[in-house]
S.K.: 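Have a look at this one before I ask anything.
Naming convention: chains lettered A, B, ... in sequence-line order (proteins, then strands); numbering from 1 in each chain.
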Amino acid sequence: MADAPRPSNFLTEIIDADVAAGRNGGRVVTRFPPEPNGHLHLGHAKSILLNFGLAARYGGRVNLRFDDTNPATEEVEFVEGIEADVRWLAGDWAALHFASDFFERMYQCAERLVLEGHAYVDSQAQEAIREQRGAFDRPGTNSPFRDRPAAESLDLFQRMRAGQFADGACVLRARIDMAHPNVIMRDPLLYRIRKAHHHRTGDTWCIYPMYDFAHPLEDAFEGVTHSICTLEFESNRELYDWVLDRLGPWDPRPRQYEFARLSLGYTVLSKRKLLQLVTEQRVDGWDDPRMPTLAGMRRRGITPEALRDFAELIGVAKNNSTVDIGKFEFAIRADLEGRCPKAMAVLDPLPLTITTWPAGKVETLELPWWPSEPERGTRPVPCSGQLLVERDDFSLDPPADWKRLAPGGSVRLAGGWVVRCDEVLRASDGTVTGLRCSHDPASLGDGAGARRGLGTIHWVDAARSVPAPVRLYDRLFTAEQPDAAPDFLAALNPASLLVAERARLEPALATAAPGDRHQFLRLGYFIADPADSRPGAPVFNRTITLRDTWSRTAAQPTQRRAARPRSDPAADATLRGRRSEARAERRAVTPALAERYLRYQRALQLAEELADLLTGDLAVAEYFDAAVKAHAGAASVARWLLNDLLGLSGETPLAQLQLSGTGFGAFVALVDAGKLTPAGGKALLADLVASGGEPAARMKALGLEKVEDAGAIAAAVERALAAQAAEAARYRAGEKKLLGVLLGAAMREARGAADAAAVRKALLERLGA
RNA sequence: UGAGGCGUCGUCCAACGGCAGGACUGCGGACUUUGGAUCCGCGUAUGAAGGUUCGAAUCCUUCCGCCUCAGCCA
């Protein structure tokens, strides 16, 4: 399993491309960068596994780095906890780093920024800086200190370091652009004064770098190639690149990528809320088995392997999504099923007397730890005429499909005999206090008296079982989305921890070592509590119940959710687009565009929509003009430009393309003259955009000239059918939807140069349709 | 409102112009000395509209919806 190929995702695609391109010399270095201000949880597990997994997959390295740039909230206790958690989950890292180890280098980088005019010391108060930042739709304003001489900023910055200013008196800011559309880029803070004791550097520093300055530098110092973080840092990437671009050169030059953080049903995964649960004592500490922390899950009995399987199950993408908790539970059960020996315990005992049992007789059954694989060993299980069974397994008034004990009914004792309930003992208040049963001595063992349809229940011997508390953990929240409510504590499950104080274990479980796991037959998976359990005085935690198809039929969660909000087509049709409006506004202030907008419609006879699309940007309009000058077919020039060229050019402005407007016009002329098929046209255009050249010459060089020769088309069809023999057979057998595949293959054989209708006709004839 | 990102079965993830697939859940069945496990079967999903194309989840346009950003937190 460990060697199974990990599924690919958008990150592996990026890295595949990087490795193929030889970027960073083919190296792959990742990092997991926690801030030591809390304990790791399941969300971090996804990130850890991702970073460790990527490093392993590409033969690279992964570092553990503590992002300890804020002395106010960070503690050594968390450093130690996090190291233990990461090691438990993912094993060893290549190198251990602390951001604080880089403080001197970061400071030198900051001085360089100041010297080169990219940063300045701002002596304003926090409130002034905040007000000057502007808003999403309103540019900010410059600080009065923005243009103070570099030498003055440098002196101030050095005095900040020397401790000559109080907290908040001044800050170091990047000089970028207070009107930047990305608010993050409006002269962000780089350093602040914080006269606090740091858990590693003590009182050496009184200025500390901000995340946006420190993080890219830490990555660069460590030689990280792929810096993977969560989606909310997308806006910060621009600043990440800004910092590195001004302080390089770097080798490797790190790049930041973002993925969607994990969100899980019936669970909260936010440090703040988890901390609140702990401080308000809603749970018993960070390692309470109900907590989604690594420490809690470890104590709950969940294994690192289960977590790895889960991470693989949910994948990695950029969609914000909430994973069904059932998926998590599936991963846990699947893992535990394979590793837990099975034994018996009774949580809520009900005495059962076997009236037909010889008085005083005690028999010892050798029962397999793994019923389906008896060769893996057995344990002795004592049995007498006085047993204990689960109270839930008896019903005075059973439903029709009841398979357990009921008055007059029979059931098999797991690993033992079939018993029949002859008499029910009840207290004066009606409570059932015991059962009297008769047993069939011939029903023990394989095949002997086997009876179909009989239920099986677990049991322990009354005198020879051992009492032990068993903690029954359940979901911490009753709402699937606790975060959705104003107060997530309202969704706390009052029954998330129930203790079975009267539980009895079969003797073999009494000596379990802390951390030992077992399946308790029919009840679930349990672990001897790593902290509180002792051999001889066991305490068990329930990791998870068994899948239960019987009880779940009672309370059925509704499968169908509220329909996704749909857009209203009628409204869509009548609404004018914002982008369209933006283009109209640009035309209103740009006569050159307005003039073209009208001319395209009148002189060139273009539809209004096309004219609109072409006149939102002067560069596009000019490119179009040049093309039309070279080839008068305005409508098809417009169509090819808008539908194909814009897609192919991507981020590159048209003016910077290898293919000039004139060349593009020449290209469209070829298409319009019928020298090229549309498919061939697309292939040629892609080539021209990628590598330039003269259209007609490239067309000939690439062999894209339209093929009309029937013989050539027939040959292409033959080659396609030969290559797709299996699909062709399936098509002939009736899978008509495969025509597309066969046609596609034939078109490719003809390099897109053949007329599609002709190929289709030839193909259908050849297939005997 | 400015910028950035994301929309595919109930849920999560694939499909990179050519057969919309896998996993979870649910349902049904087989088997069973765990109502477990195992095995088999069952799918009304591409947010909407328009365009390009022989062919669109995928390319273009427009609209709709959701998420993130205005800490001297990370």
S.K.: What nucleic acid atoms does A:Leu743 come within less than 4.0 Å of, heavy atoms only: base, sugar-phosphate, or nothing?
M.R.: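 A:Leu743: base contact, heavy atoms under 4.0 Å.
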S.K.: On a whole-Å scale, what distance lies between the P atoms belonging to B:rC67 and B:rU61?
M.R.: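 So the two P atoms sit 25 Å from each other.
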S.K.: Using the C1' atom in both, what is the distance from B:rG10 to B:rG43, to the nearest Å?
M.R.: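 Rounded to whole Å, the distance is 11 Å.
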S.K.: Considering every strand and a 4.0 Å limit on heavy-atom distances, what is the contact class for A:Lys318: base, sugar-phosphate, or nothing?
M.R.: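 Contact class for A:Lys318: sugar-phosphate only.
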S.K.: Are any of A:Arg583's side-chain N or O atoms less than 4.0 Å away from OP1 or OP2 of B:rU62?
M.R.: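 Yes, because at least one side-chain N or O of A:Arg583 sits under 4.0 Å from OP1 or OP2 of B:rU62.
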S.K.: Report the stems of RNA chain B as range-with-range entries sorted by first number; a stem here is at least three consecutive pairs, Watson-Crick or G-U wobble, both distances under 3.5 Å, and write none if there are none.
M.R.: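 Stems (3+ consecutive pairs) listed as B:2-7 with B:64-69, B:10-13 with B:21-24, B:26-30 with B:38-42, B:47-51 with B:59-63.
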S.K.: Any base atoms under 4.0 Å from A:Arg748, or only sugar-phosphate, or nothing? Heavy atoms, all strands.
M.R.: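 Base contact - A:Arg748 has a heavy atom under 4.0 Å of at least one base atom.
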S.K.: Less than 3.5 Å between a donor and an acceptor, one on the side chain of A:Arg412 and one on the base of B:rU33, is that the case here?
M.R.: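 Side chain to base: pair present.
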S.K.: Is the phosphate of B:rG71, meaning OP1 or OP2, less than 4.0 Å from a side-chain N or O of A:Arg186?
M.R.: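 No, outside the criterion.
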S.K.: Determine whether a donor-acceptor pair (one donor, one acceptor, N or O, separation below 3.5 Å) exists between the side chain of A:Lys327 and the base of B:rA23.
M.R.: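 Looking at the base of B:rA23, it does pair with a donor or acceptor on the side chain of A:Lys327 (distance under 3.5 Å).
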S.K.: Using a 4.0 Å heavy-atom cut-off across all strands, classify A:Trp459 as base, sugar-phosphate, or nothing.
M.R.: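 Nothing, no heavy atom under 4.0 Å.
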S.K.: Respond yes when some side-chain nitrogen or oxygen of A:Arg639 is under 4.0 Å from OP1 or OP2 of B:rC60, and no when none is.
M.R.: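 It does not, given that no N or O in the side chain of A:Arg639 lies less than 4.0 Å from OP1 or OP2 of B:rC60.
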S.K.: Once you apply a heavy-atom cut-off of 4.0 Å, does A:Gln126 come out as touching a base, just sugar-phosphate, or nothing?
M.R.: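 Base contact.
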S.K.: Say you pick atom P in B:rU68 and the same atom in B:rC54; how far apart are they, in whole Å?
M.R.: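 Between the two P atoms, the distance is 43 Å.
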S.K.: When the C1' atoms of B:rC69 and B:rU62 are compared, how many Å lie between them, rounded to an integer?
M.R.: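 26 Å, rounded to whole Å.
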S.K.: In whole angstroms, how far is the C1' atom of B:rG5 from the CD1 atom of A:Ile184?
M.R.: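 Distance, rounded to whole Å: 14 Å.
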S.K.: Compile the donor-acceptor pairs under 3.5 Å between side chains in residues 166-174 of chain A and protein atoms, sequence neighbours left out, one pair per line.
M.R.:
residue: A:Asp167; atom: OD1; partner: A:Lys195; partner atom: N; Å: 3.0
residue: A:Asp167; atom: OD2; partner: A:Lys195; partner atom: N; Å: 3.4
residue: A:Arg173; atom: NE; partner: A:Asp122; partner atom: OD2; Å: 3.2
residue: A:Arg173; atom: NH1; partner: A:Asp187; partner atom: O; Å: 2.9
residue: A:Arg173; atom: NH2; partner: A:Asp122; partner atom: OD2; Å: 3.0

S.K.: If only side-chain N and O atoms of A:Thr677 are considered, is one of them under 4.0 Å from the OP1 or OP2 phosphate oxygen of B:rC54?
M.R.: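 For A:Thr677, the contact criterion (side-chain N or O under 4.0 Å from OP1 or OP2 of B:rC54) is not met.
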S.K.: For the residue pair A:Arg333 and A:Tyr525, what are the closest heavy atoms and their distance?
M.R.: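 The pair with the smallest heavy-atom distance is O-OH, 4.1 Å.
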S.K.: Mind checking A:Arg237 for me? I need base, sugar-phosphate or nothing, with any heavy atom below 4.0 Å counting as a touch.
M.R.: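 Touches nothing.
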S.K.: Check whether any side-chain N or O of A:Asn320 sits under 4.0 Å from OP1 or OP2 of B:rG7, and answer yes or no.
M.R.: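 Indeed not, no polar side-chain atom of A:Asn320 lies that close.
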S.K.: For A:Val759, which contact category applies under a 4.0 Å heavy-atom criterion: base, sugar-phosphate, or nothing?
M.R.: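 Answer is nothing: A:Val759 stays at 4.0 Å or more from every strand.
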S.K.: Ignoring backbone atoms, test whether A:Asn319 places a side-chain nitrogen or oxygen under 4.0 Å from the OP1 or OP2 oxygen of B:rU8.
M.R.: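 Affirmative; the distance criterion is met.
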S.K.: Can you give the donor-acceptor pairs under 3.5 Å from side chains of residues 178-185 of chain A to other protein atoms, not counting sequence neighbours?
M.R.:
residue: A:His180; atom: ND1; partner: A:Asn182; partner atom: N; Å: 3.0
residue: A:His180; atom: NE2; partner: A:Glu238; partner atom: OE2; Å: 3.3
residue: A:Asn182; atom: OD1; partner: A:Ile184; partner atom: N; Å: 3.1
residue: A:Asn182; atom: ND2; partner: A:Ser235; partner atom: O; Å: 3.1
residue: A:Asn182; atom: ND2; partner: A:Glu238; partner atom: OE1; Å: 2.9

S.K.: If we take the P atom in both B:rU32 and B:rU46, what is their distance in whole Å?
M.R.: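 The same atom, P, in both gives a distance of 42 Å.
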S.K.: Say we look at B:rU8 and B:rG22: how far apart would their C1' atoms be, to the nearest angstrom?
M.R.: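 To the nearest whole Å, 13 Å.
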S.K.: With rounding to the closest Å, how many angstrom separate the C1' atoms on B:rG17 and B:rG55?
M.R.: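 Rounded to whole Å, the distance is 8 Å.
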S.K.: Find the distance A:Leu641:CG to B:rU61:P and express it as a whole number of Å.
M.R.: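 Computing the A:Leu641:CG to B:rU61:P distance gives 11 Å.
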S.K.: Round to a whole Å and report the spacing from CZ of A:Arg760 to P of B:rG55.
M.R.: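 In whole Å, B:rG55 P lies 8 Å from A:Arg760 CZ.
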S.K.: Is the phosphate of B:rA74, meaning OP1 or OP2, less than 4.0 Å from a side-chain N or O of A:Arg192?
M.R.: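 Checking B:rA74 against A:Arg192, a side-chain N or O does come within under 4.0 Å of OP1 or OP2.
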S.K.: Checking all strands, does A:Asp755 fall into the base, sugar-phosphate, or nothing category for heavy-atom contacts under 4.0 angstrom?
M.R.: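 Counting heavy atoms under 4.0 Å across all strands, no contact is made by A:Asp755.
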S.K.: Is any side-chain N or O of A:Arg261 closer than 4.0 Å to OP1 or OP2 of B:rA74?
M.R.: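 So the side chain of A:Arg261 is outside the cut-off, no N or O lying under 4.0 Å from OP1 or OP2 of B:rA74.
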S.K.: Categorize A:Thr69 for me: base, sugar-phosphate, or nothing, with a 4.0 angstrom heavy-atom threshold over every strand shown.
M.R.: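 Sugar-phosphate only.
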S.K.: Suppose you measure atom C1' in B:rA48 against the same atom in B:rG7; what distance do you get, rounded to whole Å?
M.R.: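 Result for the C1' pair: 12 Å, nearest Å.
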S.K.: Do A:Arg194 side-chain and B:rC72 base share a donor-acceptor contact under 3.5 Å?
M.R.: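 Per atom types, no contact qualifies.
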S.K.: If you compare every side-chain N and O of A:Arg522 against the phosphate oxygens of B:rG35 (OP1, OP2), does one of them come in below 4.0 Å?
M.R.: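 So the side chain of A:Arg522 is within the cut-off, an N or O lying under 4.0 Å from OP1 or OP2 of B:rG35.
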S.K.: On the ring face of A:Phe310, is A:Lys327 found with NZ or CZ under 6.0 Å from the centre and within 45° of the axis?
M.R.: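 The answer is no, since A:Lys327 fails at least one limit relative to A:Phe310.
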S.K.: Of the options B:rC72, B:rG18, B:rA37, whose atoms approach the side-chain atoms of A:Met210 most closely?
M.R.: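 Shortest atom-to-atom distance from the side chain points to B:rC72.
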S.K.: B:rU61 base to A:Glu609 side chain: any donor-acceptor pair below 3.5 Å?
M.R.: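 It does not, because no donor-acceptor pair links the side chain of A:Glu609 to the base of B:rU61 below 3.5 Å.
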S.K.: Taking only N and O in the side chain of A:Lys682, is any of them less than 4.0 Å away from OP1 or OP2 of B:rU52?
M.R.: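 Indeed not, no polar side-chain atom of A:Lys682 lies that close.
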S.K.: Once you apply a heavy-atom cut-off of 4.0 Å, does A:Ala128 come out as touching a base, just sugar-phosphate, or nothing?
M.R.: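 Since no nucleic acid heavy atom lies under 4.0 Å of A:Ala128, the category is nothing.
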S.K.: Looking at A:Ser321, I'd like to know whether one of its side-chain N or O atoms comes within less than 4.0 Å of OP1 or OP2 on B:rC13.
M.R.: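 Checking A:Ser321 against B:rC13: at least one side-chain N or O falls below 4.0 Å of OP1 or OP2.
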